[in-house]
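First up is the structure itself, then whatever we jot down about it.
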Amino acid sequence: MKDRLEIKNAHRIVVKVGTSTLTHSTGRLNIHQIELLVRQLSDLVNQGKEILLVTSGAVGAGLDRMKLKEKPEAIPEKQALAAIGQGILMHIYEKLFSEYGQTVAQVLLTKENSLHYSQYINSRNALLALLQMNVIPIINENDVVTVEQLKFGDNDTLSAMVASIVDADALILLTDIDGLYNKNPQTCPDAKLLERVTEITPEIEAIAGGAGTKMGTGGMFTKIQAAKIAMSSGVNMVIANGSSNNILNDILAGENYGTIFPAREAHLKQRKSWLAFGKSICGSITVDKGCEDALVKNGSSILAAGITDYAGEFAAGNTVRVLTADDREIARGIINYDTASLTKILGHNTRDFTSLLSGKIYNEVIHRDNMVLMV
Ligand SMILES: Nc1ncnc2c1ncn2[C@@H]1O[C@H](COP(=O)(O)OP(=O)(O)O)[C@@H](O)[C@H]1O
Ligand SMILES: N[C@@H](CCC(=O)OP(=O)(O)O)C(=O)O
């Protein structure tokens with residue numbers, strides 16, 4: 001398969017490891033598993049690969065230190081445990097990676113960092129500078145400062161955003177199960193492993209259930225959301241079992257482990273031109289105040305109802321500027337409709353689209369994943 005071969009040639013790789021892999025069922029840290037991960041990652045760096053590690057486990061390590069049996073429900077308490085655990089986690093990584101001669105750096109990110117262009121470009125520059133210095137960035141969500149609205153909510157989508165930010169060649173999500181099954185294996189013992197998922201359909205979303213253990217967050221559902229981001233950012237993604245001995249080497253040898261979600265080629269080109277900024281801006285759309293607020297404050301997608309005007313001649317997939325009524329540029333993004341279609345749906349509610357348009361229908365005129373804020 002072409003995508004497995006691409007993974008074999010991957011140079012810049014984001015590996016995400018979940019709490020379910022880093023902790024035992026007792027809730028305590030699984031030192032053996034962490035050592036296994038560090039050894040594999042160090043060896044990949046020695047092979048000349050660029051590695052970024054997105055790690056969960058701060059809350060788990062905090063629970064362990066505080067001798068608590070279960071994750072608390074309240075967000076502030078979880079944040080407190082993450083603050084206690086993050087240092088412990090980094091201490092373990094620092095110790096183990098240094099035994100293999102690797103230097104690591106702690107990077108704490110939030111969703112806001114990819115939403116605003118200045119923060120996005122700063123995160124990208126810092127991560128690329130670390131790779132340039134042969135340092136392994138160890139990334140986690142900045143649990144203590146995240147406000148609910150700005151939260152990634154989980155490290156699966158965070159890792160996909162990171163893969164997109166650094167233009168990674170592959171994203172590997174290590175978890176406690178062999179990949180995505182056609183049914184939730186917690187409830188269906190006859191569930192079968194899916195080797196390849198080329199499109200995230202509603203059916204695929206429906207089979208992805210929640211976390212399997214008390215320690216995990218999000219389960220397969222958030223991994224599927226991560227796949228959406230990775231695929232449309234031109235990144236091949238694999239979900240695999242982190243407890244298999246040589247799993248990273250096996251996947252990067254092009255072998256058929258886990259579930260692969262192949263990158264979408266066309267989207268890669270779009271994303272690259274978007275990332276290049278300013279090189280291929282084909283026009284602009286003007287949005288009303290409600291749409292502007294939703295965009296800037298909540299990071300929402302742009303719906304036709306909030307668009308008042310447009311300028312220029314563009315095709316679906318082109319990059320356009322997003323302007324306010326007084327001509328301020330607040331964002332840039334990849335538009336889902338050409339000018340002819342946009343004329344028909346301008347100011348309309350999404351539910352009117354079927355009567356106004358023929359061909360493929362998108363609810364969003366510009367999806368939030370394909371947009372950067374310029375303010
Ligand atoms: N369709 C599915 N295929 C595979 N696993 C599933 C599925 N639906 C739900 N799961 C659950 O998702 C769990 C992995 O997610 P999670 O517990 O959040 O792990 P992590 O801590 O690695 O992010 C699995 O252990 C499994 O119980
Ligand atoms: N930032 C949190 C991780 C949240 C999370 O996504 O956990 P998981 O589902 O185990 O990957 C922590 O370090 O505990």
Side-chain angles (χ1 to χ4, degrees), residues 15-25 27 29-30 33-34 37 53-66 68 71-72 75 77-90 92-93 106-111 138-146 151-162 171-195 197 200 203-227 238-243 247 258-259 261:
V15 175
K16 183 259 163 174
V17 61
T19 313
S20 65
T21 303
L22 298 172
T23 53
H24 288 291
S25 53
L29 286 176
N30 187 334
Q33 194 59 58
I34 301 176
L37 175 74
L53 173 63
V54 176
T55 182
S56 299
V59 175
L63 274 174
D64 189 2
R65 174 61 59 91
M66 301 310 283
L68 298 174
K71 263 202 267 185
I75 300 263
E77 285 176 29
K78 271 193 209 147
Q79 289 178 302
L81 288 173
I84 296 164
Q86 180 64 24
I88 299 168
L89 198 61
M90 276 313 292
I92 296 174
Y93 279 126
Q106 172 179 262
V107 179
L108 299 176
L109 295 175
T110 69
K111 182 173 189 174
I138 300 187
I139 302 157
N140 197 352
E141 180 168 28
N142 195 348
D143 290 306
V144 172
V145 302
T146 44
K151 221 167 130 60
F152 276 103
D154 68 276
N155 273 349
D156 295 321
T157 39
L158 174 68
S159 67
M161 300 298 292
V162 168
L171 167 63
I172 302 174
L173 302 188
L174 295 178
T175 183
D176 61 351
I177 197 157
D178 289 346
L180 178 69
Y181 283 72
N182 64 346
K183 303 178 208 172
N184 187 342
Q186 288 169 61
T187 44
C188 310
D190 62 334
K192 292 206 168 47
L193 181 69
L194 302 175
E195 285 186 2
V197 175
I200 308 299
E203 291 73 32
I204 291 289
E205 292 197 283
I207 62 176
T213 61
K214 289 183 298 201
M215 298 303 286
T217 317
M220 277 298 148
F221 180 77
T222 48
K223 291 177 186 37
I224 295 303
Q225 303 312 309
V238 177
I239 301 177
N241 198 326
S243 63
I247 190 70
T259 307
F261 299 79

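Quick note: residue numbers are just sequence positions, from 1. Just follow the structure's listing: the first ligand is 1, and inside any ligand the first atom is 1.
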Task: Atom indices of ligand 2 within 4.0 angstrom of Asp154 heavy atoms, with elements - done: 6 (O)

Task: Contacting atoms of ligand 1, where contact means under 4.0 angstrom from a heavy atom of Lys183 - done: 1 (N), 2 (C)

Task: ligand 2 contact by Lys78, heavy-atom criterion under 4.0 angstrom - done: no

Task: Selected option - heavy-atom contact closest to atom 2 (C) of ligand 1, from Ser20, Pro185, Gly57, Gly18 - done: Pro185

TODO: Please work out whether any backbone atom (N, CA, C, O) or any side-chain heavy atom from C-beta onward of Met220 is under 4.0 Å from ligand 1, and answer side chain, backbone, both or neither.
DONE: both

Task: N or O pair under 3.5 Å between Thr175 and ligand 1 - done: yes

Task: Selected option - heavy-atom contact closest to atom 24 (C) of ligand 1, from Thr23, Asn184, Leu194, Asp176 - done: Asp176

Open item on the list: Below 4.0 Å, non-hydrogen atoms only: which portion of Ala191 touches ligand 1? Side chain, backbone, both or neither.
Closed with: neither

Open item on the list: Could you check whether any heavy atom of Gly57 sits closer than 4.0 Å to an atom of ligand 2, since that is the contact criterion I want to use?
Closed with: yes

Open item on the list: Among Gly179, Gly219, Gly60, which one puts a heavy atom closest to atom 18 (O) of ligand 1?
Closed with: Gly219

TODO: Give yes if a backbone or side-chain nitrogen or oxygen of Ile177 is under 3.5 Å from a nitrogen or oxygen of ligand 1, and no if not.
DONE: no

Task: Residue list, side-chain hydrogen bond (donor to acceptor under 3.5 Å, both in side chains) with Glu205, at least two apart or on another chain - done: Gln225, Lys228

Task: Atoms in ligand 1 with a heavy atom of Lys16 nearer than 4.0 Å - done: 23 (O)

TODO: Return a yes/no value for Ile207: is any of its N or O atoms, backbone included, closer than 3.5 angstrom to an N or O of ligand 1?
DONE: yes

Task: Polar proximity ligand 2 side, Gly60 side, N/O cut 3.5 Å exclusive - done: no

